[in-house]
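Here is the structure we will look at, set down as structure tokens.
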Amino acid sequence: MPEVMISGIPVSFPFEPYEVQRAYMEKVIESLQNNTNALLESPTGTGKTLSLLCSSLAWLLVKKAQLQMNAQVGNFSEHSGGGFSGNLKESLKASGKSKDNTSWGMPKIIYSSRTHSQLTQAMQELKRSSYRHVKAAVLGSRDQMCIHPEVSKETNNMNKVHMCQLRVKARTCFFYNNVESKKEDRSVKGDDILDIEDLVSVGKKLKCCPYYLSKELKQDADIIFMPYNYILDPKSRKANGVELMNNIVILDEAHNVEKMCEESASLQIRTTDVALCIDEITHVMKSFVENNEEMDATLDNTTPKDFTCDDLCILKEMMLALEKAIDEISVGSEGTTYPGSFIFELLSKAEIKDHNQMTVITLIENLIQYLSTANASPFQRKGVGLQKIVDLLNVVYSGTTHAYKERVKLCYKVHISVEDKKNKKSDSWGALKTTSTKTSERVLSYWCFSPGFGMKQLLEQNVKSIILTSGTLAPLKPLISELGIPIGVLLENPHIVKSNQICVKIIGQGPDGTPLNSNYQNRDNPKYISSLGRTILSFCRVVPDGLLVFFPSYPIMSKCQEMWQNEGIWSGINNIKPIFVEPQRKDTFNAIINDFYSKISDPNTKGACFMAVCRGKVSEGLDFADMNGRAVIITGLPFPPLKDPRIILKKKYLEELRVKDKEYLSGDEWYALEATRAVNQAIGRVIRHKNDYGAILLCDGRFNSPKLKNQLSAWLRDYINLSNKFGETVSEICRFFKNAETSLPAPRLKPLLPYESNVNYKESIATSSGASFPAANTRIINKNPQKKSVSQYPNSNEVYADFSMDFYKKAQASNYLNEFRPKETKDLFSALDCSNESVKTEIQSLVTIHKRNAEEVSQNTGAKKKKLKIKAFGFEENLTKSKEISNIERVAPESLIDFVKEIKVLLDGEKYKEFQMSISAYKKEGNYTKLLNTLTRLLENKKLFYLFKGMKRFLKEEHKLEFQKYCDSVKLDR
């Protein structure tokens with residue numbers, strides 16, 4: 001791998017870096033050398049993660065070599081820097097043979113991102129780089145790593161923590177007990193970098209705990225991967241033993257950092273939570289008095305309790321006083337807001353103050369541990385209410401100094417509202433069964449509105465440097481103001497794509513001329529939803545391989561799905577590209593995304609369509625390079641809910657700050673930016689490397705406003721064009737893909753099949769995908785099999801006539817378009833003949849699929865095709881028997897292929913065979929009377945007469961006039 005000298009640091013990179021990558025690495029190294037914080041924006045697809053890892057690790061290795069050399073000669077002062085201790089020599093002597101690098105001033109890199117899938121992606125990049133030899137570790141939760149048969153079954157995460165801690169303390173966990181003896185095993189301490197899945201596999205193999213194994217690996221690691229909240233949330237930081245002093249903190253995907261800082265410092269608690277807490281304390285008190293045997297059945301009788309009955313009485317009095325204090329607050333219809341310092345007044349009414357808060361927290365934690373481990377039955381109380389109270393106290397009292405409380409006054413708001421109880425879902429086993437007649441509950445929200453609050457706490461931990469990076473950080477000035485930390489290094493990188501690699505269109509109206517606007521007033525309009533569906537269906541036909549469709553929210557996606565299914569649009573899309581929908585539950589996500597990738601790489605399909613939401617996992621955590629994502633459709637702007645109290649208060653908070661400092665965004669500017677940043681992230685899924693290409697289709701007329709255009713990513717703005725005519729736009733998209741396919745290197749993602757040769761593989765990897773993919777045997781996917789059956793063509797009846805013919809006539813030949821265009825057919829007979837083989841085998845079996853016998857099934861499954869079920873192909877209106885529709889005269893499709901396909905679907909198997917044979921006979925013999933008799937028998941009825949009339953253009957010239965006279969004379973009564 002080539003070595004590049006950047007600011008005096010030799011950086012080993014998988015290939016010659018692009019200019020934007022070199023500029024990015026220079027800024028990373030500058031930040032690290034000067035111990036300053038950096039804010040670096042580089043568009044998605046510019047190799048940001050790889051550049052970040054290579055440059056930071058290159059600097060670390062040089063620093064490590066310097067420190068080791070100086071450690072040998074005893075010269076510490078020269079390289080001690082601002083973050084190193086002045087008494088480093090003494091601390092080194094005191095530490096003796098300590099393995100922890102921090103004892104002699106060696107910095108570590110802490111790399112964090114929003115989700116574990118993003119972290120796994122970063123670790124994969126590291127595995128492919130020349131820095132794969134560095135010691136790396138990843139931190140995760142017990143939820144992901146626990147392999148204990150009982151503990152891992154627990155659904156509540158906090159209960160899982162307490163159950164684990166008790167077993168570790170009592171040394172009754174077999175897996176934990178094995179950690180010490182197995183941590184030096186080659187599969188753990190070998191050369192391989194272990195991500196979470198690898199750790200779990202190793203843990204199962206060695207029968208030792210992956211969770212505690214990761215903590216052991218962390219001690220010697222040069223780079224540690226973890227989610228944001230392990231750094232930003234003081235509770236998580238403490239629980240996971242994350243040391244920040246003298247270390248480098250990298251926050252990747254930092255467009256989420258503002259929100260994460262705010263959320264980790266915020267909390268909500270309900271009066272029902274306080275009531276549940278009181279009920280749980282009472283339950284434990286009863287066990288003291290009544291010596292409840294069932295309660296203590298699982299406990300060792302010799303185990304002393306960490307609390308007394310008096311402690312419980314005092315705690316119960318405190319909680320009753322807190323409940324009373326919340327109930328006494330006067331609340332308006334829209335809720336009531338107080339300054340942040342109000343929380344201290346409220347807790348003081350329950351006698352919880354600075355001097356005793358730690359005692360109360362310790363007592364409650366002991367109680368939770370007792371409840372979560374003392375109950376044999378899962379239906380018993382597990383301390384859910386107590387956990388909510390202790391979380392509140394931990395957040396409120398994360399600092400107790402006067403300066404801290406002054407910051408709380410500025411950065412926090414306390415909001416109290418009243419909610420109807422019936423709207424709240426029961427909290428698993430912890431739902432309080434009470435005879436209370438109250439139909440409403442109060443919700444106390446303790447909200448932080450300043451990301452700077454959390455960032456300043458990071459700085460107070462004496463970190464060496466904080467590097468914030470993302471593809472969508474702009475505008476940078478307001479962000480710097482909000483973060484409230486000194487930023488010494490700034491970068492706004494351009495993109496590496498050229499004009500022939502990207503096509504950006506604002507689609508202001510659908511194929512039927514309906515305006516596309518997903519605003520609050522219009523999003524439930526059936527006409528709009530239908531037009532949006534038809535727009536997506538139209539683009540489905542011309543976009544090759546993977547298509548991503550992003551909705552503003554889950555409810556909007558569900559609404560569209562329901563309507564499109566009723567109208568047949570959903571099945572129309574699904575017939576061309578199988579649809580995958582982003583799930584709200586994380587446990588099914590991996591299976592769905594893997595199925596999507598499999599469908600894309602299947603040579604027998606035309607790709608797949610993934611329906612997802614902005615700000616979801618698909619929009620931020622995943623890579624859709626090359627065929628996995630050739631186009632992204634944005635269906636609307638994902639604005640936060642305008643009337644949400646938290647949104648209202650955030651806007652108000654920003655307006656207050658703006659009075660003092662004009663660098664801050666106004667409330668409305670922040671609100672608009674929230675939507676466009678989410679859109680920018682979703683758009684970034686498509687262009688993933690230097691030779692990637694794709695289309696970005698903004699299906700909402702509001703994108704045409706200059707203000708919104710300016711908030712889209714800077715690299716995108718020059719390519720944006722407004723679509724005037726829908727038909728022309730579809731043709732343009734088609735031509736764009738045809739040109740890109742011929743002018744850009746073909747992607748190589750698939751493993752080589754046994755009979756394929758590895759021709760030009762190295763050249764392609766170097767030019768096409770850079771370091772994006774591992775060096776494995778690969779092949780170009782051929783999605784254009786030579787033989788096509790009629791059933792493989794999509795029906796274009798959904799595509800409106802004002803552009804469909806234009807699309808077929810004007811667009812030049814392309815591999816993708818050729819799948820939809822009749823193969824040099826001048827008449828119906830040629831169309832039937834060229835598909836004769838497939839008609840005999842596939843069409844009949846499709847139409848009479850419910851009658852197939854075992855022999856036919858075994859023949860059809862030879863090609864490993866899924867069992868097919870006939871669905872409407874988008875011309876459901878032709879099948880509808882409603883009075884309104886029956887009065888409208890139908891017109892046969894103009895396309896030969898569509899005409900054949902429509903007849904194939906509307907006639908059953910025997911009749912279609914008869915139709916086919918009569919056409920063949922007419923072609924050979926020219927017997928018009930015989931053909932007319934067959935057509936009359938098959939098509940002369942109200943439902944199919946439009947197809948009967950459509951046959952005229954396929955007849956011989958001498959028969960057309962006679963056929964027209966016959967059509968005019970027909971009077972249908974059936």
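Hydrogens, waters and symmetry mates are skipped; everything else that's a heavy atom, side chains included, is used.
More than 12 heavy-atom neighbours from other residues, nucleotides or ligands sit within 6.0 angstrom of CD on Glu656. Within 6.0 Å of NZ in Lys456 there are 12 or fewer heavy atoms belonging to other residues, nucleotides or ligands. Around atom NZ of Lys405, more than 12 heavy atoms belonging to other residues, nucleotides or ligands sit under 6.0 Å away. For Glu406, the CD atom counts as densely surrounded, since its 6.0 Å shell holds more than 12 non-hydrogen atoms of other residues, nucleotides or ligands.
In this structure, Trp447 and His415 have parallel ring planes: the angle between them is below the 30° cut-off, well short of the 60° mark.
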Let's go through Phe453 and Tyr412 carefully: what are the C-alpha distance in whole Å and the side-chain angles of both, what is the deciding distance for ring pair (Phe, Tyr, Trp, His ring centres under 6.0 Å) to 0.1 Å, and is it a yes or a no?
CA-CA 9 Å; Phe453 189 85; Tyr412 276 85; 5.1 Å; yes
Is there a side-chain hydrogen bond (donor to acceptor under 3.5 Å, both in side chains) between Asn247 and Lys464 once you walk through the steps?
CA-CA 5 Å; Asn247 288 336; Lys464 190 174 179 65; over 6 Å; no
Between Ser558 and Gln561, is the side-chain hydrogen bond (donor to acceptor under 3.5 Å, both in side chains) condition met? List the steps.
CA-CA 5 Å; Ser558 299; Gln561 181 178 350; 5.4 Å; no
Give the C-alpha distance, both sets of side-chain angles, the deciding distance and a yes or no for side-chain hydrogen bond (donor to acceptor under 3.5 Å, both in side chains) between Ser141 and Gln144.
CA-CA 6 Å; Ser141 64; Gln144 297 157 309; 3.3 Å; yes
Using side chain to side chain contact (heavy atoms under 4.5 Å, CB included), reason through Met123 and Thr120 one step at a time and then give a plain yes or no.
CA-CA 5 Å; Met123 293 185 83; Thr120 302; 5.6 Å; no
Going through the distances and angles, do Leu199 and Val138 end up as a side chain to side chain contact (heavy atoms under 4.5 Å, CB included)?
CA-CA 9 Å; Leu199 270 172; Val138 60; 3.9 Å; yes
Could you check Gln357 against Thr400 for side chain to side chain contact (heavy atoms under 4.5 Å, CB included), going step by step and ending with a plain yes or no?
CA-CA 10 Å; Gln357 47 91 11; Thr400 52; 3.8 Å; yes
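Listed here is the closest heavy atom pair of Gln457 and Tyr404: NE2-CE1, 4.1 Å. Pairing each heavy atom of Leu444 with each of Val414, the nearest pair is CG-CG1, 4.3 Å. Nearest heavy atoms, Tyr111 versus Leu119: O-CD2, 3.9 Å. Nearest heavy atom pair, residue Ser55 against residue Leu52, reads OG-O, 3.3 Å.
One N or O on the side chain of Tyr554 and one on the backbone of Pro583 form a donor-acceptor pair closer than 3.5 Å. Asn493 places a side-chain N or O within 3.5 Å of a backbone atom of Val20 that can act as its donor or acceptor partner. Side-chain N or O atoms of Glu669 include none that pairs as donor or acceptor with a backbone N or O of Leu665 at under 3.5 Å. In terms of modelled atom types and a separation under 3.5 Å, the side chain of Arg442 and the main chain of Ile329 share a donor-acceptor contact. Looking only at distances, a side-chain donor or acceptor of Tyr671 sits under 3.5 Å from a matching main-chain atom of Pro640. A distance-only check finds no donor-acceptor pair linking the side chain of Arg142 to the backbone of Lys160 [under 3.5 Å]. Of the possible polar contacts, none joining the Asp252 side chain to the Ser113 backbone as a donor-acceptor pair under 3.5 Å is found. No donor-acceptor distance shorter than 3.5 angstrom exists from the side chain of Arg237 to the backbone of Val242, with no hydrogens or angles considered. Side-chain atoms of Asn522 come within 3.5 Å of backbone atoms of Asn517 as a donor-acceptor pair (strictly under, hydrogens ignored). Judged by distance alone, the side chain of Tyr230 and the main-chain N or O of Gly140 form a donor-acceptor pair under 3.5 Å.
Using a cut-off of 4.0 Å between Lys/Arg side-chain N and Asp/Glu carboxylate O, Glu460 and Arg407 are scored as salt-bridged. Under the 4.0 Å criterion applied to side-chain N and carboxylate O atoms, Glu655 and Lys652 are not assigned as salt-bridge partners. At a threshold of 4.0 Å, the pair Glu482-Lys650 counts as salt-bridged, since one of the basic side-chain nitrogens sits closer than that to a carboxylate oxygen. A salt bridge is defined here as a Lys NZ or Arg NE, NH1 or NH2 lying under 4.0 Å from an Asp or Glu carboxylate O, and Lys108 with Glu243 fails to meet this definition. The existence of a salt bridge linking Asp700 and Arg702 is confirmed by a sub-4.0 Å separation between a basic side-chain nitrogen and an acidic carboxylate oxygen. Taking the charged nitrogens against the carboxylate oxygens, Arg270 and Glu441 do have a contact shorter than 4.0 Å, which makes a salt bridge.
Here the side chains of Phe589 and Val618 are in contact, with some heavy-atom distance below 4.5 Å. Side chains of Ile248 and Val463 form no contact here, defined as non-hydrogen atoms less than 4.5 Å apart.
Taking the centre and axis of the six-membered ring of Phe449, the NZ or CZ atom of Lys413 falls outside the cone set by 45° and 6.0 Å. Seen from the ring of Tyr24, Lys48 does not count as a face-on cation partner, given the 6.0 Å and 45° thresholds.
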